[in-house]
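Please read these numbers as outputs of a predicted model, since none were measured by experiment. Order of the sequence lines fixes the chain letters, A, B, ..., with proteins taken first and strands second; residue numbering starts at 1 for each chain.
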Amino acid sequence: MSNLRILVATKRVVDYAVKIRVNAAGSAVETANVKHSMNPFDEIGTEQAIQIKEALAKAKTGTAEVIVVSCGPAKSQETLRTALAMGADRAIHVESDVELQPLAVAKLLKAVVEKEKPDMVILGKQAIDDDSNQTGQMLAGLLSWPQATFASKVELGDKSMTVTREVDGGVETIKTPLPAILTTDLRLNVPRYASLPNIMKAKKKPLEKIVASSLGVDIKPRLETLKIAEPAKRQGGKLVESVDDLVDKLKNEAKVL
Amino acid sequence: MFSAIRPRLASVVAKPAVLNAVRPRFFSQAAVARSNIASLHTLTEDEALLKETVARFAQDQVLPKVQQMDETEKLDKDVLKGLFEQGLMGIETDSKYDGSESSFMSAILTIEELAKVDPSISVICDVQNTLVNTLFRKYASEDIKEKYLPRLATDTVGCFCLSEAGSGSDAFALQTRAVKDGDNYILNGTKMWITNSGEAEIFLVFANVAPEKGYKGITCFVVDKSMGVKVNKKESKLGIRASSTCTLNFDDIVVPASNILGEVGKGYKYAIEILNEGRIGIAAQMLGLAQGAFDATMPYLFQRKQFGSLIGNFQGMQHQYAQVAMEIEAARLLTYNAARLKEQGKPFVKEAAMAKLYASQVAEKTASRCIEWAGGIGFTRDYPIEKFYRDCKIGAIYEGTSNIQLQTIAKILEKQYSS
């Protein structure tokens, strides 16, 4: 293959190490003044794309262009800059201040795909804020492309890819033609740090901004969050004297029988 | 470099007085809110991204090895390699010399973040950047820059050789001699207390070519290890044990005259000027040390219960940790402001001395308190806290003792207030 074009989708989320709190209104997780960073599975996706590019260059069998895209408010650009600093070639920011749910993101990405015509789209398997695990699959459906989700290993062939997936029953290996959708799982790779020289180089890389409404896509939210609450505080354990005592407690206190 | 700072902050450079920019329009929220002087907490996007990267690198690659490096008094090869790979050993060096072409503040942030995890690793990075690289960048000929800067940025450690057994604070009393011999100089002497010397291949040696001229004969030579430098006694130290501190011997070392850094007889000037900047680096190291000790200890205060309460809730403890947090913040502001003043090209010698002096004092107090707060655990080598206490003492000693810093500050005040 001559030039492989890889589109990587990234999302800016609350940093995984932050101790999240529910806001005063009980309507959402508190995100103001809270540390944000790139969704860890998207970091793995960006790393995978860069590794593919480096492997092609090393073997001299072709070249690759890594384009990162993020849909969201202005601050999403921070995430894109991180990806550029890791080694992506250029970035696209689809700007929207309206809440974007997975179906909306999938539709926006479809518009970007139709514009950029990539050979593969890499997404994280899920975002750590909503844990939806839907965008990659919905995008594949909208494009009628094959999908390989929860990837723990990827090998590129001639206009195809062989993917090892981690599924509930174990590990499954599938082969799909390109273009295709790939979603990353934890063990696919270990993302690199953005080294200082690359951070400085990233400043010169192109970052294109597209206003979401200009793509002519219906991005209205379909789901309404009714309530968010913290899980019940853990109580201390109790010692029971007998099995009858245990059954009684399970029936009447824990109410699970 | 300022192109990296968003336009909003450009007025930090241009207009010092906020009052001129904001005319009092009473009852106007906009007028009050529209101050365009940013707080010292403000970082450019690149600086913020770098700080984040170094913090992650320090946690992932340095932290697991800290205890082992301290106990064996040896720098881990992979940690050193990691510093080079991340571009942290040539932070301000131009990209045409394979450097990271970043700002002084970026170097300061790197030194601070590394020190939060291991002050030894932090000083290795500090000496390479603020002393060695900067001397080359400021005073070396183009040939010398091309020959040495790329090596220093990519894989070679350098060191700054000024102190001797008989000359520390009284640096100009150095005895190392350089005698002219045709196109070369013959170096003879001994340097002591040299940081990084165990791993270094490039040595910046201050020697006197004309003792009859006193300090005006001091000249800076770029010496390759292959010229015959002998690295002798490695000091066994109280703290920063992973950083090598050795005695160096020069026995009739032949150094080409073309390896003189800058001009003959100007070495004393270069040394003073570079140490003024290097001071801000040490301030950052001490600041990181204090913060690292504090961050390592505070969670424990909200885990340990005595007399039915978390010890962090006792008022005696609250008063102590509030005081320490305040002092760390003050040290941070002194350090960041000195760095920004230097970046702006404004006078910063007094502020740099204040930053180093205060940060080293805060580091000592913080580390000491942290051990007390953590009790028996704080006193045990199995936990990271006691190491910060051992590491902090050097802050009051190297790159200008605390008394020297006080002298520096006093002399500037004298000029300011006397007629």
Task: Heavy-atom contacts under 4.5 Å, residues 24-35 of chain A to chain B - done: A:K35

- [ ] Could you look at B:D60 and say if it's the side chain, the backbone, both or neither that has a heavy atom under 4.5 Å from chain A?
- [x] both

Task: Interface moiety of B:E85 toward chain A, non-hydrogen atoms closer than 4.5 Å - done: backbone

Open item on the list: Just to verify, what does B:D78 make a salt bridge (charged side-chain N to carboxylate O under 4.0 Å, His left out) with, not counting sequence neighbours?
Closed with: B:K65

Open item on the list: With a sphere of 6.0 Å drawn around OH of A:Y16, does it hold more than 12 non-hydrogen atoms of other residues, nucleotides or ligands?
Closed with: no

Task: Contacts of residues 181-198 of chain A with chain B (heavy atom under 4.5 Å) - done: A:Y193, A:A194, A:S195, A:L196, A:P197

Open item on the list: Is it true that, when you exclude A:I228 itself, more than 12 heavy atoms of the residues, nucleotides or ligands shown sit nearer than 6.0 Å to its CD1?
Closed with: yes

Open item on the list: Salt bridge or not between B:R56 and A:E43? Use side-chain N to carboxylate O under 4.0 Å.
Closed with: yes

Task: Point-to-point distance, once rounded to the nearest 0.5 Å, from CD1 of A:I199 to CG of B:D46 - done: 7.0 Å

Task: A:K153 atom NZ, neighbour heavy-atom count above 12 within 6.0 Å - done: no

Task: Interatomic distance, A:K201 atom NZ to B:S100 atom OG [nearest 0.5 angstrom] - done: 9.0 Å

Task: B:Y383 OH: over 12 foreign heavy atoms closer than 6.0 Å - done: no

Open item on the list: Other residues, nucleotides and ligands only: do more than 12 of their heavy atoms fall within 6.0 Å of NZ on B:K138?
Closed with: yes

Open item on the list: If you count heavy atoms of other groups shown closer than 6.0 angstrom to CD of B:E142, is the number above 12?
Closed with: yes

- [ ] Sort by residue number and list every member of residues 76-90 of chain A having a non-hydrogen atom under 4.5 Å from chain B.
- [x] A:R81, A:T82, A:A85

